[in-house]
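Since we're looking at a predicted model, the values are computed, not measured.
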Amino acid sequence: MKEQLEKWKEMLKTGGKNRWAVFLLAGLLLLVISLPTGEGKSAPVLQTEAADEKSVSQAEELAERLEKVLSRVSGVGKTKVLVTLKSDGKRLVEKDSTTREDSSESRDQEENTVYEKNGSGQEKPYVSETMEPEVSGVLVVAEGGDDPVTVREITEAVQALFGIEAHKIKVMKMD
């Protein structure tokens, strides 16, 4: 009987070590399984969206603002301005991107627009950056358009405001 107890103790000791090894391996397996694989992971993505249409186009709005400013400059007088644009500008809208991978090595990517709520509870897309319209040319017709000094000042002002070269600006005398 004593020998039987010794055998049982021996088995329990070695069996206990094996159990610990099994528990340790099972724990490691669960840890590896629970590690993120990138599936369902969400990362912000920026996409461009065309600028909103307004009742007055951006080119007309820029022209009106320039007319008001130039008409207040000494020697310029009344003005009419025409602005042409290369682009109407862009708004960068924040997007969430979700990528899913399945066992057949295929990837599905889904994008959702990020929305923000205003004070009245309405949702609108979250705009992370607004890019100004790109001006391609400016025509200024001014009463003082026959004076070389006034023409130079108008040209320099337009260059400073819109960042365009002098050859894309034309200043003319108004009748």
Side-chain angles (χ1 to χ4, degrees), residues 35-102 104-175:
L35 287 175
T37 61
E39 182 178 326
K41 198 171 190 178
S42 176
V45 175
L46 295 177
Q47 283 202 341
T48 59
E49 182 177 290
D52 287 341
E53 292 295 321
K54 297 179 182 176
S55 59
V56 177
S57 77
Q58 291 182 349
E60 290 171 347
E61 183 180 332
L62 290 172
E64 286 174 16
R65 291 171 60 193
L66 185 57
E67 278 178 27
K68 286 180 185 176
V69 170
L70 289 177
S71 65
R72 298 181 138 222
V73 175
S74 175
V76 175
K78 287 184 185 177
T79 59
K80 283 292 183 189
V81 176
L82 176 65
V83 175
T84 57
L85 302 177
K86 283 184 187 176
S87 70
D88 284 339
K90 302 249 183 253
R91 294 184 313 151
L92 297 178
V93 176
E94 192 75 24
K95 298 262 185 183
D96 276 340
S97 175
T98 304
T99 304
R100 291 191 178 100
E101 296 179 25
D102 60 18
S104 65
E105 299 288 328
S106 67
R107 286 185 161 180
D108 293 330
Q109 188 162 359
E110 181 179 314
E111 292 183 346
N112 297 311
T113 302
V114 176
Y115 290 93
E116 64 180 338
K117 287 186 179 179
N118 60 14
S120 61
Q122 291 178 323
E123 288 187 341
K124 64 178 187 172
Y126 178 75
V127 178
S128 58
E129 186 178 346
T130 302
M131 299 169 68
E132 293 298 319
E134 191 175 354
V135 175
S136 62
V138 176
L139 170 64
V140 178
V141 180
E143 288 181 336
D146 58 345
D147 179 21
V149 173
T150 303
V151 170
R152 189 184 79 239
E153 287 177 350
I154 292 172
T155 302
E156 289 172 357
V158 172
Q159 283 180 296
L161 286 171
F162 300 124
I164 59 175
E165 299 88 17
H167 71 274
K168 295 184 177 184
I169 303 165
K170 179 67 177 173
V171 180
M172 302 172 73
K173 167 97 173 113
M174 183 182 280
D175 302 340

Please give me the minimum heavy-atom distance between [X] and [Y], naming the atom from each residue.
X      : Y      : result
Glu165 : Gln159 : C-NE2, 3.9 Å
Leu85  : Val83  : CD2-CG1, 4.1 Å
Ala166 : Thr155 : CB-CG2, 4.1 Å

Original post:
For atom NZ of Lys173, is the number of surrounding heavy atoms from other residues, nucleotides or ligands below 6.0 Å larger than 12?
Top reply: yes

Original post:
Around Lys168, counting heavy atoms of other residues, nucleotides and ligands shown, do more than 12 lie under 6.0 Å from its NZ?
Top reply: yes

Please report the interatomic distance [atom1]([X]) to [atom2]([Y]), rounded to the nearest 0.5 Å.
X      : Y      : atom1 : atom2 : answer
Leu70  : Arg65  : CG    : CZ    : 12.5 Å
Glu134 : Gln58  : CD    : CD    : 12.5 Å
Glu143 : Asp175 : CD    : CG    : 10.5 Å
Arg72  : Thr79  : CZ    : OG1   : 11.5 Å
Met172 : Asp146 : CE    : CG    : 12.0 Å

**OP:** Examine distances only and state if a side-chain atom of Thr84 and a backbone atom of Gly137 form a donor-acceptor pair shorter than 3.5 Å.
**Re:** yes

Subject >> Pair Lys68 + Glu64, salt bridge at N-O below 4.0 Å >> reply: no

**OP:** State, with a plain yes or no, whether a side-chain heavy atom of Leu62 is found less than 4.5 Å away from one of Phe162.
**Re:** yes

